[in-house]
Amino acid sequence: MPLLPPQPLHDWHLTPGEAVALQKRLAPRVERSDRIAPVRHIAGVDIGFEDSGATTRAAAVVLKWREAGPPFEVIEQVVYREPTRMPYIPGLLSFRETPAALGACARLETTPELVMVDGQGLAHPRRLGVASHLGLWLDVPTVGVAKSRLCGRHAEVGETRGDSVWLEDKGERIGTVLRSRTRVKPLYVSPGHRISQAAALEWVKRCLYRTKLPEPTRQADRLASRRDGPGRR
DNA sequence: GCGACAG
DNA sequence: ATCTTGTCGC
């Protein structure tokens, strides 16, 4: 999918303090309501590492959306590598993963109407998780699907598949804690960009098939973390 | 000052 | 995230 013309949405040589300042400037640009075109394709994005972390491997997959529900047909798969440029710092994940993620997305021929990202969206201390940051950059609707909590509080979630509770922080709802599989650790779903809380949750539910992760993220996950080196596609 | 802390 | 064996489920 095409990348937007270069914009001051990201910088690769920032100190932690500068990165935090940038997040505060970008957060207000995140759109929290639905501005989504009819969904035909949904992409999944995830990052993995090789060479003890020296190489970052980004994976992007595109699935054809079917009203009939999953399993969806995978129509594109891309793996893109580049040297790792920043360490992992809680709250600054997007600065470590977004560069490679953009590289993978730029190599997709299809432009999806929705992108699911492994990580938080709004459910971030400054409301700019990796899903939001990537969404801003690509100017495409995104939803964050994380496997654990970064911030916020929530009541206990029911143990049955489909049960969910709000994730809140500082008096506002920042996401949803969703039990995607009975008796399995819940998912933390939050809007990335151009999507509402309700729609973000619904799309994740609609993409659940038989595993803990929704299909877009699951497919990207397996590509990004394969221990042997998948070339491309 | 003491924890918590996406991937 | 990654390092790891066997094991349970579809």
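Note that the structure is predicted; figures quoted are calculated from it, not measured. To find a chain, count down the sequence lines: A is the first, B the second, and so on, and within it residues start at 1.
Protein atom NZ of A/Lys147 is 15 Å distant from nucleotide atom C1' of B/dC5, rounded to whole Å. Regarding A/Leu93, its CG atom lies at a distance of 8 Å from the P atom of B/dG7, rounded to whole Å. Spacing between atom CG of A/Asp221 and atom C1' of C/dT2 amounts to 13 Å, rounded to whole angstrom units. Taking atom CZ of A/Arg57 as the reference point, atom C1' of C/dT2 lies 11 Å away to the nearest angstrom. Between A/Ile47 atom CD1 and B/dA6 atom P the separation is 16 Å, expressed in whole Å.
Among the atoms of the strands shown, base atoms are found under 4.0 Å from some heavy atom of A/Tyr88. Among the protein residues, A/Gly48 comes within range of the sugar-phosphate backbone only, with heavy atoms under 4.0 Å from sugar or phosphate atoms but none that close to a base. Here A/Gly144 lies out of heavy-atom contact (under 4.0 Å) with every strand. As judged by a 4.0 angstrom heavy-atom cut-off over every strand, A/Glu97 is placed among residues touching the sugar-phosphate backbone only. No engagement by A/Leu187 is indicated, since no non-hydrogen atom pair under 4.0 Å with the nucleic acid exists.
A/Ser148 has a side-chain polar atom (N or O) that falls below the 4.0 Å cut-off from OP1 or OP2 of B/dG7.
Counting only N and O atoms by type, the side chains of A/Thr56 and A/Glu82 include no donor and acceptor under 3.5 Å apart. With no hydrogens or angles considered, no side-chain donor-acceptor pair links A/Thr217 and A/Asp221 at under 3.5 Å.
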Task: Base-pairing string, 5' to 3', of DNA chain C - Watson-Crick or wobble, under 3.5 Å, | interstrand - done: ..........
Between protein and nucleotides 5-10 of chain C, what N or O pairs are separated by less than 3.5 Å?
{"unit_1": "C/dC10", "atom_1": "O3'", "unit_2": "A/Arg210", "atom_2": "NH2", "d": "2.5"}

